[in-house]
Structures are given as structure tokens and as C-alpha cells.
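Letters go in sequence order (proteins before strands), and every chain restarts at 1.
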Protein chains: 2
Amino acid sequence: MLSTSRDRVRRTEVGKINRDAHQPTTVRHRGHVEQHWADGTVRRIEAKAHVFTQGDAKTHVYKVASGAVCLYTVLTDGRRQIIEFALPGDVVGLGAASVQACNAQAIVSTQVQCLPVAALLKAAKKDPEIALKLYEAISRELLATREHLLCLGQRGACERLAAFLVVLSRRNAARGADPRIVKLPMTRLDVADFLGLTIETVSRTLSKMKRQGLIEIDQITIVRLKDDGKLLRLADGGARV
Amino acid sequence: MLSTSRDRVRRTEVGKINRDAHQPTTVRHRGHVEQHWADGTVRRIEAKAHVFTQGDAKTHVYKVASGAVCLYTVLTDGRRQIIEFALPGDVVGLGAASVQACNAQAIVSTQVQCLPVAALLKAAKKDPEIALKLYEAISRELLATREHLLCLGQRGACERLAAFLVVLSRRNAARGADPRIVKLPMTRLDVADFLGLTIETVSRTLSKMKRQGLIEIDQITIVRLKDDGKLLRLADGGARV
DNA sequence: CGACTACTTGACAAGGATCAAAGTTGGTGG
DNA sequence: CCACCAACTTTGATCCTTGTCAAGTAGTCG
């Protein structure tokens, strides 16, 4: 970010980084956590509405059921950093602090399951298994955030985009979808704010990758990975543009 | 980071971001955690030696007793991102993963207390209080890392340095030291790798701040904050250079 | 007092930002 | 069904911050 940018505008989005805490296969221990989620109420949030904002009392933890949410923070002059994209299955609002430190905004019409933290903590205080699940879930978030930190601190524009696509591709693979076809439901601006770039740089870089045969783009939101090996090397610093 | 930088060299350091989990005032609940720390063995690590490296089995959690440690990750071409600096009282190695995802290196001769994770987890499984302490501790790390992410993604060089100094200043204040006098035991290279800049930019930016009367520098490692109000505004995006 | 290592400073280049404008896409209403 | 409009995206030209390359300075240790 070279200078001032006070004109950050609006959004629409998707894409995500950290895996959520409650994978049926693992959680089968006793079923506590799923039970709690099942008890939670469901809330519908329209596109661009906030699930919560910075400073809100942390009353609930939210699990994305459908749609997509982005977590972000802002500087006083309006510059925005998107911390992560939360997709179905992902949880937002974890953390032991009593107030929310970020903003969470739906990027498309979204449904979330709401779990009251009071109940969750009460359960955790009785059942260490649940407390440890919280620990595991937030550990995963921390890992993903550190990876992102490496991205922003050390990688150039191409590398950031490549890393971004690779992560989304992996998420696809993890949920059984085609890892070669990545859907970008979020705006270019969202991608830019996630990667610490400008919208123009994102667009140009994507075009460049297209020219180089690394990817193809359909109707703006669908990216087809043509050479994920090279993308991977690009992201890991093992290849020059 | 504009291009390739394959020539990253060596270090020496200090500086830190996240507060540790075990503040006597809060932990007085039952004393479990302190008890565990007291049981742990102490290990001495000389400057530049690693406490652990990426991929190591996560056998212990470490609490810095004296000295300083940096956590970092690297890209395959050698670019290094320092995640955080751990100072006395800070804990490194938390996280539910079974292997270390980062490298932890002493930047000066350091002593750490080692706590076997096996014992810690066993205790946590019996006592939810302990499990929740883990959750709280790692929640704090996540918050600090997100703040850092905002820094790398959105702030320019001056702003990054200002934010860095402000954080160190606050840490001083938190431990009762003079917030206006910040010691930088780490190398300029370490600062650069922490902030996603080059050593030259760090040096130049510090010099510029000095010329502007924001800071004074004694014997390279001591920074005197002359105008912390303006530094704060700089860091928060509320001021132009 | 040399040889290191770390830091600073300068000149130049390059990646990405900014400014500007044109091309797409999707929704609305006639 | 199509014209129009707003929002989003792409592309181009130019500027600026920061990286790169290259000296030069300053402490440290033997």
C-alpha cells in the first residue's frame, strides 16, 4: 500500500481460509459440540449486512450455514484489511475476548447458526472436551492467519494471487469439489483488500496469469487452474514470474 | 516486497507483540497453570540457536524466562517473515497441531521454561479451567497476529514502523516500564523481516522519523519516543507522513 | 589496529498505486 | 425485447514508494 486511499467502496464476496472446528468425523467423540450447534438459532443476513461489528459484545459464535462472510478490520482513514473469508461450515466470532475485535459482513445473502457464548462457555467449563475443541478451532485460525501474514509480508502481487487461488483450490479439494475450478464469489475489491493490493493490480495480475496460461476465467467469477504446479511454485517462492 | 531477495542473512533481536497467558492477577483461580510452569524444566538457548523448527514434533510449550525469541516462517527461496517476538513472560509453541508450524529462534541468549504438551493436555482434559486458559492464551495470539496482518496489508513503511514502536511502547507500559523509551534488542534485519520491509527502508524510515522529531535514537538500540501522539495517529492511518 | 558485523546513506530501478477512461454485466422500466 | 443505468472490471498512462545495488561509517572482537 503506497499511499492514502481514502475512497474504499463496497463489496460482494466469498472465499475462505481456515477450516472450521467441527468436522463430523473428528467430533464424534461425544457429540457435544454438534448438539450445541443443533440447538442454536438460525439467522438470515442479507448481502452487505453485518453479522457483528467491532466493539459489539461477543454474545454469539456463528457458523456459516450458507452464503459467505468476510471478517475485516479498518484503519481510521477507511483502509480495510479483510482477515478471512468464511464459507459454509466455517465458524466466525471465536476468541476469548468479551467484545468483537473485527467486523463480520455477509458478502452474499447468508444464513448462520448462532450459538450463545454464555452457553458455550458454561458447557466448556463442565466438559474439557468442549474447551479443547475451542482451543483446536482457534489454533487452526491462527495457523491460517500466520500463513496469510507471510503472504502479505513477503510475497509480491503474482505470488499473493497464486497463493490465494491455491488455498481456495485446496478448500475445494477438502470438500470433495474439483480443485481445478475455483469460484470467486467475492468482488475484486474484496480480493484486493484481502491481499493488500489494489483492485487494479488484482485485475491486471489475473489478466497476466491468463496470458501466461496459468489460469482461465469464465464470467469473472470462475477461475480454472491450468497449471496448479506452477501456481504452487509461484506461491511458495520457488519460481520467478 | 518488490522482488526476489534471495540473500537474507543473519540476525539478533527482541521485541514482542502478544501478551502471555499467565498473569498472576487473573490466574489465581486455582493455581493450576502456574503449578505446571513451576514443574517444567528450564532450558538455556544461546543466541541464534533454535528452540524448535518447523516440522518438529510439538513436545513442549515454552515460556520465555529471560532473553528473547522470534517466531518465523520462510519461503522456499529464503524470504523470512517474523511472526512475532517473544519476550520474558511470553509463551511460544501453543497450538493444537501435532507439529510445529514455525521456527522459534533465540535472538539473544535465552532461558525458557519447558512444559511437556502431553502433561498439559492431560491436565486440560481433567480440568476445563486449564483448557480454557489455553483457549484464552491463543486467542490473544490471534488478535495480535490480526493486528499485524492489518499492518502488513494496509500500512506504508512509516506507518508500520510507527505501529511497531507503539506496540513496544505499550508493552513497556504494561510491565511498568517507561513507555517513552523503547529498547530494540533485535537487528534492523529482524525488524525488516517482521514488518515486511527491507533493512534499508527500516533504516531510512527511522532516520526520517528522527529528522521529523518523532523519535531519538541512542546507540542504535534505544528509541526515545518524542511524540507518541503523532506516532499513534501515523500508525492508525489518521495522519499523513 | 585490522577484520567483522551491523547500520546508514545515496543513486537508480521496478513493482504497484493512482488517475483516467473504456468495456462488461445485470437489473429496470418502457 | 431492448434501451438505459449503475456497479464492477479491465486496461492504459504516469507517478511514487520501496527495493536493489553500492559505498561508506561505526562499533566489536581478536
Side-chain angles (χ1 to χ4, degrees), chain A residues 1-14 47-48 77-79 107-108 151-161 184-193 195-211 215 217-223 234 240-241, chain B residues 1-14 47-48 77-80 107-108 152-161 184-193 195-211 215 217-223 234 240-241:
Chain A
M1 176 75 36
L2 291 188
S3 66
T4 61
S5 53
R6 311 159 191 273
D7 54 340
R8 292 306 169 104
V9 234
R10 282 285 66 77
R11 58 212 55 141
T12 60
E13 79 234 9
V14 148
K48 298 189 183 178
D77 65 358
R79 277 174 281 173
I107 55 190
V108 294
C151 192
L152 298 193
Q154 301 299 326
R155 297 198 248 243
C158 283
E159 299 167 330
R160 293 186 200 188
L161 256 308
L184 299 180
M186 74 288 281
T187 301
R188 295 283 187 271
L189 178 58
D190 292 323
V191 176
D193 284 348
L195 296 178
L197 301 169
T198 60
I199 191 174
E200 294 95 331
T201 299
V202 169
S203 184
R204 259 188 268 273
T205 305
L206 246 18
S207 296
K208 186 162 88 176
M209 290 174 143
K210 208 162 48 177
R211 280 197 302 276
I215 59 174
I217 299 181
D218 289 352
Q219 16 169 151
I220 298 175
T221 63
I222 308 288
V223 179
L234 237 183
R240 296 304 111 209
V241 181
Chain B
M1 176 76 32
L2 292 189
S3 66
T4 61
S5 51
R6 311 160 192 271
D7 53 340
R8 292 310 169 103
V9 232
R10 283 284 68 74
R11 57 215 53 146
T12 59
E13 78 234 13
V14 148
K48 298 188 183 178
D77 65 358
R79 280 176 278 173
R80 176 179 69 143
I107 55 190
V108 294
L152 298 193
Q154 301 299 326
R155 297 197 248 243
C158 282
E159 300 168 328
R160 292 185 201 187
L161 255 307
L184 300 181
M186 75 286 283
T187 299
R188 294 284 188 269
L189 177 59
D190 292 323
V191 176
D193 284 349
L195 296 177
L197 301 169
T198 60
I199 192 174
E200 294 94 334
T201 299
V202 169
S203 184
R204 261 188 268 274
T205 304
L206 246 18
S207 296
K208 187 162 89 174
M209 290 175 145
K210 208 161 47 175
R211 281 196 302 278
I215 60 173
I217 299 180
D218 289 353
Q219 15 169 154
I220 298 174
T221 64
I222 307 290
V223 180
L234 237 184
R240 297 302 113 210
V241 180

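Partners of B/T201 by side chain to side chain donor-acceptor pair (under 3.5 Å), not counting sequence neighbours, listed by chain and number: B/T198. In this structure B/S203 satisfies the side-chain contact (heavy atoms from CB on, under 4.5 Å) test with no other residue, sequence neighbours excluded. Residues forming a side-chain contact (heavy atoms from CB on, under 4.5 Å) with A/I222 (at least two apart in sequence, or on another chain): A/I181, A/K183, A/D218. Among residues two or more places apart in sequence or in another chain, the side chain to side chain donor-acceptor pair (under 3.5 Å) test is passed with B/S207 by none.
The shortest heavy-atom contact between A/M209 and A/L234 is CE-CD1, 4.2 Å.
Note that the CZ atom of A/R160 and the OG1 atom of A/T205 stand 10.0 Å from one another [nearest 0.5 Å]. Taken to the nearest 0.5 Å, the NZ atom of B/K208 stands 11.5 Å off from the CD1 atom of B/I215.
Proximity of A/T201 to the phosphate of C/dG16: no side-chain N or O atom is located under 4.0 Å from OP1 or OP2. Residue A/S207 places at least one side-chain N or O closer than 4.0 Å to OP1 or OP2 of D/dT11.
One can place NZ of A/K208 at 12 Å from C1' of C/dA14, the figure rounded to the nearest angstrom. In this structure, the CD1 atom of B/I217 is 13 Å from the P atom of D/dG27, given to the nearest Å. The separation between A/M209 atom CE and D/dT10 atom P is 13 Å, rounded to whole Å. To the nearest angstrom, C1' of D/dT10 lies 13 Å from CD1 of A/I215. Counting to the nearest Å, the C1' atom of D/dT10 and the CZ atom of A/R211 are 11 Å from each other. Note: CD (A/E159) to P (C/dA14) measures 17 Å, nearest angstrom. For the pair B/I199 CD1 and D/dT20 P, the interatomic distance rounds to 12 Å; values are reported in whole Å. Nucleotide D/dT9 holds its C1' atom 16 Å from the CG atom of A/D218, rounded to whole Å.
Judged purely by atom type and a 3.5 angstrom limit, A/R155 has no side-chain atom pairing as donor or acceptor with the backbone of A/L161. Remark: side-chain polar atoms of A/R79 are paired, donor with acceptor, to backbone N or O of B/Q154 under 3.5 angstrom.
Of the candidate nucleotides D/dG19, C/dA6, D/dT11, C/dA6 has the atom nearest to the side chain of B/K48. Listed candidates were D/dT10, D/dT20, C/dA17. Nearest to the side chain of A/T198 is C/dA17.
Note on the helix from C/dC1-D/dG30 to C/dG30-D/dC1: angle between the axes of the first and last five pairs equals 30°, rounded to 10 degrees.
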Below 3.5 Å between N/O atoms, which protein atoms pair up with nucleotides 10-12 of chain C? Just atom names and distances, please.
residue : atom : partner : partner atom : Å
C/dG10  : N7   : B/R204  : NH1          : 2.7
C/dG10  : O6   : B/R204  : NH2          : 3.3

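Looking at which nucleotide of DNA chain C each of A/Q219 and A/T205 is closest to, the 5′-most match is held by A/T205.
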